[in-house]
Amino acid sequence: MKPFAFARPGSVAEAVRQVAAEPGAVFLGGGTNLVDHLKLGVATPELVVDVRRLTSREISDLPDGGLRLGAATTNSEVAADRRVRERYPVLAQALLAGATGQLRNLATTGGNPLQRTRCVYFQDVTTACNKREPGSGCSAVNGYTRYHAVLGVPSAMPDPTAPETCIATHPSDMAVALAALDAVVHVLGPAGERTIPFGELHRLPGDDPSRDTVLGHGELVTAIDLPPLPDGARSAYRKVRDRASYAFALVSVAAVVAGDSTSERTVRIALGGVAHKPWRAARAEELLRGTPLTEHAVGHAMGVELTTAQPQPGIDGGNGFKIPLATRTVVATLRDLTRET
Ligand code: SF4
């Protein structure tokens with residue numbers, strides 16, 4: 001491990017100042033992802049600034065009926081909170097589908113959505129990776145692609161030598177639920193405070209795969225707000241993975257269904273395991289607005305949503321299976337949510 005300086009400042013503002021002043025500085029929350037990267041040599045910071053004891057560890061009610069999750073609340077605390085379980089079951093279920101109990105006791109609300117891809121090449125410093133080392137290429141193309149993206153990628157088998165190529169997926173379950181809930185991220189940075197709609201926090205690789213989010217250097221997540229859902233709304237998270245525990249999603253679905261009658265019905269669908277960011281299925285949502293959620297209708301809507309999907313070949317058989325799997329997982333999730341109504 002490369003030596004680094006360690007700081008434990010006395011305030012959030014001081015932590016932001018310290019990181020902003022040092023280009024090689026990073027924040028440390030729960031450390032469940034960063035510490036691995038320090039050991040692997042994936043992250044080589046000059047300075048690590050511990051913010052775990054600085055940001056709020058409270059879950060508080062908002063005047064509009066929503067909830068505010070302090071950035072230092074742990075995944076276990078949020079998943080166990082009665083208000084979260086009753087009002088936002090999709091979030092509690094997503095959290096409990098992630099990692100293990102030990103990791104959830106450390107991982108934080110501020111850090112979980114910022115965890116980095118588990119692309120095996122990103123974590124192997126002997127291989128080319130545009131995300132870890134910009135311009136070096138992408139070893140995943142036609143490699144092990146089972147856990148890689150089918151949405152938001154330009155083609156099946158993009159140019160592995162191009163500096164913009166990256167077919168990684170975002171690994172967080174929590175982030176998929178927050179995308180479906182239209183959460184709002186509070187950030188403090190060197191230029192002050194700002195809020196970011198959760199759907200705009202993560203980005204596609206674009207011309208710079210090294211950047212996972214729109215956060216600037218020195219910007220710290222201080223809280224995440226959950227807006228209230230309409231009365232009677234139901235939500236759920238479903239995750240498909242290679243084993244029952246401690247595995248990342250091949251495909252996951254966070255869904256919210258609202259509306260007393262079919263004509264008033266609205267559906268929110270976010271997909272995990274298929275793109276560089278939690279993928280809001282906006283086209284499918286629009287097609288399903290005010291319609292009966294029959295298997296045929298949902299299948300058709302997802303077929304439209306996935307017309308741009310690009311199955312990636314690979315030495316492990318590729319990931320084309322994700323396209324029908326995504327549709328089936330959405331069908332099953334919405335069927336469960338509407339079964340009792
Ligand atoms: Fe790196 Fe992205 Fe390619 Fe994986 S998919 S090797 S993270 S550039």
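Atoms within each ligand, like the ligands themselves, are counted from 1 in listed order.
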N/O/S of Cys166 less than 2.8 Å from atom 2 (Fe) of ligand 1? yes
Quick check: does Cys129 have an N/O/S atom under 2.8 Å of atom 1 (Fe) of ligand 1? yes
Can you tell me the protein heavy atom closest to atom 4 (Fe) of ligand 1 and the distance? Cys119 SG, 2.3 Å
Show which atoms of ligand 1 fall inside a sub-4.0 Å distance from at least one heavy-atom site of Ile167. 5 (S)
For a 4.5 angstrom cut-off between non-hydrogen side-chain atoms, does Ser210 reach Asn130? no
Would you mind listing which atoms of ligand 1 come within a distance below 4.0 Å of any non-hydrogen atom of Phe122? 7 (S)
Between His202 and Phe198, is the ring centroid distance below 6.0 Å? yes
Out of Glu193, Arg68, His186, which residue meets the side-chain contact (heavy atoms from CB on, under 4.5 Å) rule with Thr222? His186
Ignoring hydrogens and geometry beyond distance, is a side-chain donor-acceptor pair present between Thr145 and Asn319 at under 3.5 Å? no
Quick one: which ligand 1 atoms are inside 4.0 Å of a heavy atom on Asn130? 1 (Fe), 8 (S)
Compute the centroid of each ring, for Phe122 and then for His37, and state whether the two points are separated by less than 6.0 Å. yes
So does Cys138 have any N/O/S atom less than 2.8 Å away from atom 4 (Fe) of ligand 1? no
Decide whether Ser76 and Thr74 meet the rule of one side-chain donor and one side-chain acceptor closer than 3.5 Å. no
Can a cation-pi geometry be assigned to Arg83 and Tyr88, taking NZ or CZ under 6.0 Å from the six-membered ring centre and within 45° of the ring axis? no
Name the closest protein heavy atom to atom 6 (S) of ligand 1, giving the residue it belongs to and the distance to 0.1 Å. Tyr121 CB, 3.5 Å
With backbone taken as N, CA, C and O and side chain as the heavy atoms from C-beta onward, which portion of Thr165 lies under 4.0 Å from ligand 1: side chain, backbone, both, or neither? backbone
